[in-house]
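Since the model is a prediction, treat every value here as computed from it, not as a measurement.
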Amino acid sequence: MFFDGAANYKGVGIGVVLVSETGQHYPVSAKLRFPSANNMAEYEACILGLRLTIDMNVQELLAIGDSDILVHQILGEWATKNTKILPYMYCVQELIKRFTKIEFKHVPRIQNEFVEALATLSSMIQHPSKNFIDPIPIGIHKQPAYCAHVEEESDENPWFHDIKEYLAKGEYPEHVTHTQMRTLRRLANHFFQSGGIL
């Protein structure tokens with residue numbers, strides 16, 4: 001699987017090319033219609049590709065991208081404090097669990113040209129609702145990829161429960177790791193309580 005994201009003055013696009021063991025190529029691209037920085041677009045492309053391969057019941061995957069940051073973050077070699085990237089990382093980590101074997105590889109941009117062209121094409125096309133010609137189908141994504149990947153809470157509390165409790169009492173939930181404590185503190189910085197409402 002090759003993936004890439006492109007952000008420019010006309011918009012943001014993502015591209016993925018799935019290559020089967022027999023050499024069959026499956027190109028897919030989408031235009032993002034929400035604010036997205038370049039690193040976010042890279043994650044969007046990666047998540048799109050992972051979901052497509054899961055839908056195709058692929059068990060073993062080599063994921064190739066030209067984003068050095070993304071590959072090192074997914075491998076756990078580099079950390080991030082960017083609260084816009086953290087939900088993407090968690091989403092990718094959950095999707096990875098669906099494969100029996102998965103490997104991420106960073107390649108120079110020159111070796112990722114076709115996918116970059118797909119992403120750039122998607123970003124540049126304004127894509128009106130009524131088009132007379134659609135030689136390459138380009139999807140439209142109106143929300144970040146991780147938004148549709150919220151797992152049901154096992155303790156039946158809403159997703160914001162731990163943040164709300166931390167703000168109210170300054171206490172962490174039981175059995176959390178040091179990394180989860182740091183993440184909770186970071187997320188709590190973006191919220192406040194007013195009359196019991198977060």
Side-chain angles (χ1 to χ4, degrees), residues 1-8 10-34 36-77 85 87-149 151:
M1 173 187 92
F2 292 85
F3 64 92
D4 196 20
N8 55 51
K10 283 210 167 186
V12 182
I14 57 176
V16 175
V17 175
L18 305 177
V19 183
S20 71
E21 290 178 327
T22 60
Q24 183 71 35
H25 288 60
Y26 302 94
V28 180
S29 64
K31 184 175 183 77
L32 305 185
R33 285 196 175 157
F34 55 88
S36 177
N38 198 49
N39 286 341
M40 294 165 66
E42 295 282 352
Y43 271 99
E44 287 283 343
C46 180
I47 292 168
L48 174 64
L50 292 175
R51 286 183 174 156
L52 289 169
T53 53
I54 289 168
D55 289 345
M56 295 169 76
N57 203 27
V58 172
Q59 297 298 309
E60 296 184 7
L61 181 69
L62 172 60
I64 300 170
D66 60 27
S67 172
D68 201 26
I69 292 172
L70 180 144
V71 171
H72 284 292
Q73 286 174 344
I74 289 172
L75 295 175
E77 296 167 353
I85 296 296
Y88 284 110
M89 277 181 47
Y90 297 144
C91 181
V92 170
Q93 288 165 355
E94 287 301 312
L95 292 171
I96 286 173
K97 294 176 184 176
R98 307 258 186 107
F99 297 90
T100 56
K101 182 181 177 185
I102 185 167
E103 182 183 341
F104 284 86
K105 183 178 178 184
H106 172 258
V107 295
R109 184 170 283 176
I110 194 78
Q111 294 178 11
N112 213 25
E113 279 184 326
F114 186 76
V115 193
E116 184 179 2
L118 271 179
T120 303
L121 176 67
S122 299
S123 71
M124 304 282 289
I125 293 177
Q126 292 307 308
H127 214 288
S129 54
K130 290 186 180 180
N131 237 357
F132 291 107
I133 182 169
D134 250 348
I136 300 175
I138 297 175
I140 303 292
H141 293 191
K142 295 185 179 181
Q143 65 182 14
Y146 61 81
C147 286
H149 194 77
E151 299 288 334

Pair I85, I69 - check side-chain contact (heavy atoms from CB on, under 4.5 Å), show working. CA-CA 11 Å; I85 296 296; I69 292 172; over 6 Å; no
Scanning both residues in full, the closest heavy-atom pair of L118 with P27 reads CD1-CB, 3.7 Å
The reported gap from OG1 in T120 to NZ in K10 (rounded to nearest 0.5 angstrom) is 12.5 Å
Considering non-hydrogen atoms only, spot the tightest contact between S122 and G13 and give its length. CB-CA, 3.9 Å
I need the minimum non-hydrogen distance between A45 and V16, along with the two atoms involved. O-CG2, 3.3 Å
Distance, nearest 0.5 Å, that separates CE of M124 from NZ of K31: 9.0 Å
List in chain and number order the residues that pass ring-ring contact (aromatic ring centres under 6.0 Å, His included) with Y43, two or more places apart in sequence or in another chain; answer none if no residue qualifies. Y88
Evaluate whether atom CD of E77 has more than 12 neighbouring non-hydrogen atoms of other residues, nucleotides or ligands under 6.0 angstrom away. yes
Closest non-hydrogen contact found for A6 with S123 is O-CB, 3.8 Å
Tell me, do V71 and K105 make a side-chain contact under 4.5 Å, heavy atoms counted? no
Let me confirm one number: the CD1-CG distance from I14 to L48, rounded to the nearest 0.5 Å. 4.5 Å
Search all heavy atoms of V12 against all heavy atoms of A7 and return the closest pair with its distance. CG2-CB, 4.0 Å
Look at atom CZ of F114 and say whether more than 12 heavy atoms of other residues, nucleotides or ligands are closer to it than 6.0 Å. no
With Y26, which of L18, T53, V19, V17 fulfils side-chain contact (heavy atoms from CB on, under 4.5 Å)? L18
Side-chain touch V92/L70, heavy atoms, less than 4.5 angstrom: no
Evaluate the side-chain contact (heavy atoms from CB on, under 4.5 Å) criterion for residues F3 and L52: first the C-alpha distance (whole Å), next the side-chain angles of each, then the deciding distance (0.1 Å), finally the verdict. CA-CA 12 Å; F3 64 92; L52 289 169; over 6 Å; no
Compare all side-chain heavy atoms of L50 with those of L61 and state whether any distance is below 4.5 angstrom. yes
Could you measure the distance from the CD atom of E94 to the CD1 atom of I47? Nearest 0.5 Å is fine. 11.5 Å
Are D66 and Q111 packed together at the side-chain level, in the sense that at least one heavy-atom pair is separated by less than 4.5 angstrom? no
Q93 and M89: side-chain contact (heavy atoms from CB on, under 4.5 Å), yes or no, with the steps? CA-CA 6 Å; Q93 288 165 355; M89 277 181 47; 4.0 Å; yes
What distance separates H72 NE2 from F104 CZ, expressed to the nearest 0.5 Å? 13.0 Å
Scanning both residues in full, the closest heavy-atom pair of E116 with R109 reads OE1-CG, 3.0 Å
Atom CD1 of I96 and atom SG of C91: how far apart are they, to the nearest 0.5 Å? 10.0 Å
Answer yes or no: is there a side-chain heavy-atom contact under 4.5 Å between Q73 and S67? no
Hey, are the side chains of E42 and N38 touching, using non-hydrogen atoms and a 4.5 Å cut-off? yes
